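None of the values given here were measured: they were computed from a predicted structure.
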Amino acid sequence: MDGQNIFYHYTSINSLYNIIMSRELWLTNLKSSNDKSERYYTVNHMLKDMDEIINNSTDDNFKQYLSLLKKSFETHMPDLKNYLKKSDGYSLSLTDKKR
């Protein structure tokens, strides 16, 4: 297994049995999540990634373009969050940390 990525999925024993029997992993509707910030995780992560790219880029035109795009996302963030509250987003949580 050297060189392979291993991911873990924490679940109940009953769910583990169903995963093995069906050979499927199901996504969870984010409306049922106990962590409401999960709904916005991707958007917030994307904004942080944009900051990192802007800070590390040497192309001034690209930095300006990405800065304007990020500003637009931030300006429209309330609308986007409102849309995400109403939408049916789904997620699968995996980790590379063995507990």
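- Shown here are the side chain to side chain contact (heavy atoms under 4.5 Å, CB included) partners of S67, two or more places apart in sequence or in another chain: I54.
- Scored by the side-chain hydrogen bond (donor to acceptor under 3.5 Å, both in side chains) test, Y90 finds N29 as partners (sequence neighbours excluded).
- Note: K63 NZ to N55 CG = 7.0 Å, rounded to the nearest 0.5 Å.
- Partners of S12 according to the side-chain hydrogen bond (donor to acceptor under 3.5 Å, both in side chains) rule, which considers only residues two or more places apart in sequence or in another chain, are S15.
- The 12-atom threshold is not exceeded at CD of Q64, counting heavy atoms of other residues, nucleotides or ligands nearer than 6.0 Å.
- Residues L80 and M77 form a side-chain contact, since some pair of their non-hydrogen atoms from C-beta on lies under 4.5 Å apart.
- Expressed to the nearest 0.5 Å, how far CG of L47 lies from CD of E74 amounts to 5.5 Å.
- There is a path of hydrophobic side-chain contacts, each under 4.5 Å, that joins I19 to L27.
- Residue pairs that meet the ring-ring contact (aromatic ring centres under 6.0 Å, His included) test with at least one member in residues 48-81, sequence neighbours left out, do not exist here.
- From D51, atom CG reaches atom CE of M46 across 11.0 Å, with rounding to the nearest 0.5 Å.
- In this structure, the side chain to side chain contact (heavy atoms under 4.5 Å, CB included) partners of E24, at least two apart in sequence or on a different chain, are S22, W26.
- Scored by the side chain to side chain contact (heavy atoms under 4.5 Å, CB included) test, N56 finds E52 as partners (sequence neighbours excluded).
- Rounding to the nearest 0.5 Å places CG of D49 at 10.0 Å from CG of L66.
- Taking hydrophobic clusters as Ile, Leu, Val, Met, Phe, Trp and Tyr residues chained together by side-chain heavy-atom distances below 4.5 Å, L25 does not share a cluster with I13.
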